[in-house]
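Below you'll find the structure, written out as structure tokens, and then a few comments.
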Amino acid sequence: MVKARTAPDLWLIVSVLSLLAIGIVMVYSAGAVVAYHDYGDSFYFVKRQLLFAVLGLVAMFFTMNTDYHVWKRYAKIGLIICFALLAIVLIPGIGNVRGGARSWLGVGSFGIQPSEFMKLAMVVFLAKMLSEEQSKITLFARGLLPPLGIMGAAFAMIMLQPDLGTGTVMVGASLLVIFTAGARIKHLMSLALVGAAGFAGLVLAAPYRLQRITAFLDPWQDPLGAGYQAIQSLYAIGPGGLIGLGLGASRQKYNYVPEPQTDFIFSILAEELGFIGGVAVLLLFLILVCRGMRAAMTAPDTFGSLLAAGIVGIVAVQVIINIGVVIGLMPVTGITLPLISYGGSSLTLMLTALGILLNISRYAR
């Protein structure tokens, strides 16, 4: 067993805590108007965000100081539990519908998303599976299809909710783990073509997804309907200019940008803090991703490398999709911005996963 370093990666810790602090400030700034209108308390969202941030930091401290090899032992049972939760949430009367998807378990406004847990459980299981059978990964039938089958089953259950955004993040992170394990490019490219055809089928099967695609191509075709979110987001970013309108001075958060505290929080951030503020946040994410990949490359064993790559993949894919949607480069998917957007289970699980990544960095060669 390789002896752990005395401290985890300092740059990684600084980037995580900085993004979390910015997120708490922006949740209040972006969500105060909606919170007062809907709940009569402008601090409603930020108080809950602070609560989940504290819970997440406690979880991060625990996982940061727990040998990451522990999670290898519980990888299979964790995956089974997450599959069970994905099945339970689909039962009418048990799973709660929010935003058109039956993806929540809980009472009232407190709930968890099993799909969020599945993202982490999947990368942990794949890291275990592929580290133990890495020699087979170059074989299509015996090496590549089994992990893809498990990933596909989880994606199918998430799509029954339906939640294309979370499913896409899980698939993206899982494919990064599989690629890092040594899968052949030609195999992955062949499957990518099949996946593209399947994605097109999913879009055509649901009219609202097709509307999002057409709105992405030309939001002005339906400015008050499918294109509304994209247009209002760009209206927020544009006036921000170089230095922004000032913290708290956003105009678009006054019931123009939908969900300003969650999916479109970056557009409010860009409006209030400008180009400089937006670039600063992206640089912090870049530091997080680069230091995370450094931990993956310097981990003492294959399991650590694959697990670190998967956790970084979860963060990177979410950031790319969220920012792409906000600036009009991708169709609206409902993906939050890690550590910045308002959200309970997503924030807590993200900090838990980053704690595991920090622990891996303690074992760097």
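These numbers come from a predicted model, not from an experiment.
- The two atoms that bring Leu269 and Met26 nearest to each other are CA-CE, 3.5 Å, heavy atoms only.
- Separating the CZ atom in Arg251 from the CG atom in Leu245 is a distance of 5.0 Å, to the nearest 0.5 Å.
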One pair to check against side chain to side chain contact (heavy atoms under 4.5 Å, CB included): Leu85 and Ile81. What are the steps and the verdict? CA-CA 6 Å; Leu85 290 174; Ile81 291 172; 4.2 Å; yes
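- Side chains of Arg48 and Tyr342: a donor on one and an acceptor on the other come within 3.5 Å.
- The main-chain N or O of Ser345 is never found under 3.5 Å from a side-chain atom of Gln113 such that the two would form a donor-acceptor pair.
- Counting only distance, with no hydrogens or angles, the side chain of Thr63 and the backbone of Thr352 share a donor-acceptor pair below 3.5 Å.
- Side-chain contact between Val16 and Leu19: absent, with no pair of heavy atoms (C-beta onward) separated by less than 4.5 Å.
- Residue Ile276 is grouped with residue Val279 when hydrophobic side chains (ILVMFWY) are merged at heavy-atom distances under 4.5 angstrom, including chains of intermediate members.
- Taken together through direct or relayed side-chain contacts under 4.5 Å among Ile, Leu, Val, Met, Phe, Trp and Tyr, Leu282 and Ile268 form part of one hydrophobic cluster.
- Within a 6.0 Å sphere centred on CG of Leu160, heavy atoms belonging to other residues, nucleotides or ligands number more than 12.
- Looking only at distances, no side-chain donor or acceptor of Ser233 sits under 3.5 Å from a matching main-chain atom of Gln229.
- Of all heavy-atom pairs spanning Ser131 and Ala127, the tightest one is OG-O, 2.8 Å.
- Taking the six-membered ring where the residue is Trp, Phe62 and Trp71 present perpendicular rings, their angle passing 60° and hence far from 30°.
- Between Leu351 and Leu339 there is a side-chain heavy-atom pair separated by less than 4.5 Å.
- Separating the CG atom in Leu17 from the CE atom in Met60 is a distance of 5.0 Å, to the nearest 0.5 Å.
- Contact annotation: the side chain of Leu12 approaches that of Leu357 to within less than 4.5 Å [non-hydrogen atoms, C-beta and beyond].
- Counting heavy atoms from C-beta outward, Leu354 and Val315 have side chains that approach closer than 4.5 Å.
- Aromatic ring pairs are classed by plane angle as parallel below 30°, tilted from 30° to 60° and perpendicular above 60°; the pair Tyr363 and His69 is perpendicular.
- A distance of 11.0 Å separates CG in Leu79 from CG in Leu120, rounded to the nearest 0.5 Å.
- Side-chain atoms of Phe285 and Ile340, non-hydrogen and from C-beta on, do get closer than 4.5 Å to each other.
- For the residue pair Pro147 and Ile178, the shortest heavy atom distance occurs at CB-CD1, 4.3 Å.
- Arg294 contributes atom CZ, which lies 13.5 Å from atom CD1 of Ile360 (distance to the nearest 0.5 angstrom).
- When ring centroids are compared, Tyr28 and Phe45 stay outside the 6.0 Å threshold.
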Tell me, with the steps shown, if Gln318 and Thr336 meet side chain to side chain contact (heavy atoms under 4.5 Å, CB included). CA-CA 7 Å; Gln318 281 196 223; Thr336 56; 3.8 Å; yes
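- The minimum heavy-atom distance between Leu234 and Val326, with the atom names listed, is CD2-O, 4.1 Å.
- Distance check: Ser341 OG to Leu347 CG gives 10.0 Å after rounding to the nearest 0.5 Å.
- For the pair Gln49/Gln261, no side-chain contact is recorded, criterion being any heavy-atom separation below 4.5 Å from C-beta on.
- Counting heavy atoms from C-beta on, the side chains of Asn65 and Arg362 come closer than 4.5 Å.
- A donor-acceptor pair is defined here as one N or O able to donate and one able to accept, closer than 3.5 Å; such a pair exists between the side chain of Asn322 and the backbone of Ile335.
- Ser361 places a side-chain N or O within 3.5 Å of a backbone atom of Asp9 that can act as its donor or acceptor partner.
- For the residue pair Ser29/Glu272, the side-chain donor-acceptor check at 3.5 Å is satisfied.
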Begin with the C-alpha distance, continue with both residues' side-chain angles, and end with the deciding distance and a verdict on side chain to side chain contact (heavy atoms under 4.5 Å, CB included) for Leu176 and Val317. CA-CA 10 Å; Leu176 181 59; Val317 173; over 6 Å; no
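- Contact record, Met293 with Ala309: SD-CA, 4.5 Å, taken as the closest heavy-atom pair.
- In this structure, Lys47 and Asp41 have side chains that are in contact, with non-hydrogen atoms separated by less than 4.5 Å.
- Separating the CG atom in Leu358 from the CD1 atom in Ile13 is a distance of 5.0 Å, to the nearest 0.5 Å.
- Remark: Phe83 CZ is packed, more than 12 non-hydrogen atoms of other residues, nucleotides or ligands lying under 6.0 Å away.
- Using a distance-only test at 3.5 Å, with no hydrogens or angles considered, a donor-acceptor pair links the side chain of Asp301 to the main chain of Gly304.
- A continuous path of Ile, Leu, Val, Met, Phe, Trp and Tyr side chains, each step under 4.5 Å between heavy atoms, connects Leu50 with Val27, placing both in one hydrophobic cluster.
- A donor-acceptor distance shorter than 3.5 angstrom exists from the side chain of Ser305 to the backbone of Ala296, with no hydrogens or angles considered.
- Between the side chain of Thr166 and the main chain of Asp163, no donor-acceptor pair closer than 3.5 Å is present.
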Evaluate side chain to side chain contact (heavy atoms under 4.5 Å, CB included) for Leu175 paired with Leu148, printing each intermediate quantity in order. CA-CA 8 Å; Leu175 289 176; Leu148 286 178; 3.9 Å; yes
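- Residue Leu283 is not grouped with residue Ile265 when hydrophobic side chains (ILVMFWY) are merged at heavy-atom distances under 4.5 angstrom, including chains of intermediate members.
- Neither Ile321 nor Leu286 shares a network with the other; the hydrophobic side chains, linked directly or stepwise wherever heavy atoms of I, L, V, M, F, W or Y lie under 4.5 Å apart, form separate groups for each.
- Closest non-hydrogen pair, Lys128 versus Lys72, comes out as CD-O, 3.3 Å.
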